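Inspection log for the structure reproduced underneath, given as structure tokens.
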Amino acid sequence: MAKIELTDVSIVFNAHPQKRVSLKEYLVRGLFRPSVNPPMRVHALTGINLVAGDGDRIGVIGHNGAGKSTLLKTLAGIYPPTTGTRIVEGKICSLFDIMTGFEPEATGWENILYRAYLQGETPRSIRGKLDAIAAFSELGAFLNIPVRNYSAGMMMRLAFSIATAIDPEVLLIDEVLAVGDLAFQTKAQARMRELMQSARLMVMVAHDLVSIRQMCTRVLWMAHGQILRSGPTDEVVDEYVAAMHRQAQQALAA
Amino acid sequence: MLHHLSAVWTARHFLLALVQLDLRLRYRRSVLGVGWSLLHPIAMTIVFTVVFSQLFGDSNPVGYAAFALAGLAVWGFLREAATSGSRAFLQNEAYIRQSPMPYTIYTLRTVLGQAIHSSLALLIVVCLLVFWKGDPGVLVGVALAIPGMILALLAAWAIATIGAFINAFFHDTAQILEVGCQIGFFLTPIMYRRSLLDQRGLGWVVDINPVNLYLSVIRDPLLGGIPSAEGLVQLGHAYAAALVFTGVLIGLATAVVSWLQKKVIFYL
């Protein structure tokens, strides 16, 4: 049984124009002179309500900075809601930022283990999957050398093979990835489809409206951290496309 | 807190695999292997022994070497926990952004690595003592020091966690801690004995120094061997003080975690 329940979730944080605030700045500002680095309130998500259960395939669309990725990270439990409640039941598999978080000095094999543990596997449960992961990555003997010697494509192959090796109940995907060379891409796409079908519940962020139409049963259209429209796929996507056209024409006219 | 600890327990495979990696990387790719990382405290000990054992009126060079090396091992452990530990979140940012693991496993990664490292230095101390004294009393000393090491480990985890959270908000924290440690080293009875300060009426400098608590429950029983009745009472007092102080640190760390764990990701 997989379940997602977001009730009135908002995420607000302070961002500074210069990323770092020093202790000096923190103590001095306001006391002696106005701050040169004033904090800005960022309302990343505002009043999000979302309920989903077994069998739901949810697509999330919207322009850049609309809060789509923030929504996914909130679902994954990485961003804690400032207000509101988040309930997610089921084993989560999140496919975003998979290229980061390799230990560069460790070998491919070792990184497979670290990643798998990070995703909640145990030494016992991973034993049977190691060979399958290695075979899917097609990296062969390269798995014996440190990851720092890998090319970007090889890294991507490894990351993808590990991330998709577990059987998730809740699948969270950000921007279906262009993975490796042509041969691997075909294979990766097939694997993605398989995953999407086997997952009980999926939330997918994409700009590729074709795959959204193919894969999703429902669509959320987000703007400025809020859900603008929510409903059956074709309805919302059509509306979204029309709105984007209008916007483009206005921009041309102006 | 229990909930948090059970989450740490769930992450143990991940944690231990990374600690193992850290240690292997530290000792690999060098001719001396493990030796390199021990070279620093050993070289310091030799210098101290040659120069200071005479100066501080210690006529027994082996005894002084064991004293200095044990002090350096404990000191080095707490210092690294504070300074490297407070960089833990920045170093593990990629994992933090990917997976909702409890934050304290990243400080524990640093602290566990350091603990194993410092235990090796203490092992050398034990070898020195066996060589010097040659009696089984050394083992009694080791047994009496082990609970102290566990307390130091908990304290170090707490310090690293507090430091890491503050460092995420103010990046100058790690630097401030480093300067503080540099000064602290000379204010702590590591290369000189406490009696030296007592003679000059400066004993209070040691009394207010929390690092001394951990020295008196690790180094002192280790070097003391089988304690006298009076020594046992003293050790009991030292343990009580260390226990209270560690408890306070853990309380502080728990407060910091529950206060900041929902905010820190936006500041990394």
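Owing to the predicted nature of the structure, the values given are computational and were not obtained by experimental measurement. Each chain gets a letter, A, B and so on, in the order the sequences are listed, and its residues count up from 1.
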In this structure, are over 12 heavy atoms from other groups packed under 6.0 Å from A/His63 atom NE2? yes

Contacts of A/Lys73 that satisfy salt bridge (Lys or Arg N to Asp or Glu O under 4.0 Å) - sequence neighbours left out: A/Asp97

Using a 4.5 Å heavy-atom cutoff, which residues in residues 75-87 of chain A come close to chain B? A/Ala76, A/Gly77, A/Ile78, A/Tyr79, A/Pro80

Between CG on residue B/Leu18 and CG on residue A/Leu113, distance to nearest 0.5 Å: 10.5 Å

Between B/Tyr267 and A/Asn14, is any pair of side-chain heavy atoms under 4.5 Å apart? yes

A/Asn49: partners by side chain to side chain contact (heavy atoms under 4.5 Å, CB included), with sequence neighbours left out: A/Thr7, A/Asp8

Heavy-atom count around A/Arg124 CZ within 6.0 Å, excluding the residue itself: above 12? no

Nearest-0.5 Å distance that lies between atom CZ in B/Arg97 and atom OG in A/Ser94: 14.0 Å

Side-chain heavy atoms of B/Gln98 within contact of A/Thr100, under 4.5 Å: yes

Heavy atoms of other groups near A/Phe142 CZ, more than 12 under 6.0 Å: no

Bottom line for B/Ile166: the part with an atom under 4.5 Å from chain A's heavy atoms is neither

When rounded to the nearest 0.5 angstrom, what distance separates CD in B/Gln20 from OH in A/Tyr114? 7.0 Å

Heavy-atom distance under 4.5 Å to chain A: side chain of B/Ala11, backbone, both or neither? neither

Find the distance between CG (A/Leu118) and CG (B/Leu15) and round it off to the nearest 0.5 Å. 12.0 Å

Can you list everything that forms a salt bridge (Lys or Arg N to Asp or Glu O under 4.0 Å) with A/Glu110? Sequence neighbours excluded, please. B/Arg24

How about B/Phe14 and A/Tyr117: are their ring centres within less than 6.0 Å of each other? no

Against chain B, label A/Ile11 side chain, backbone, both or neither, depending on which of its atoms sit under 4.5 Å from a heavy atom there. side chain

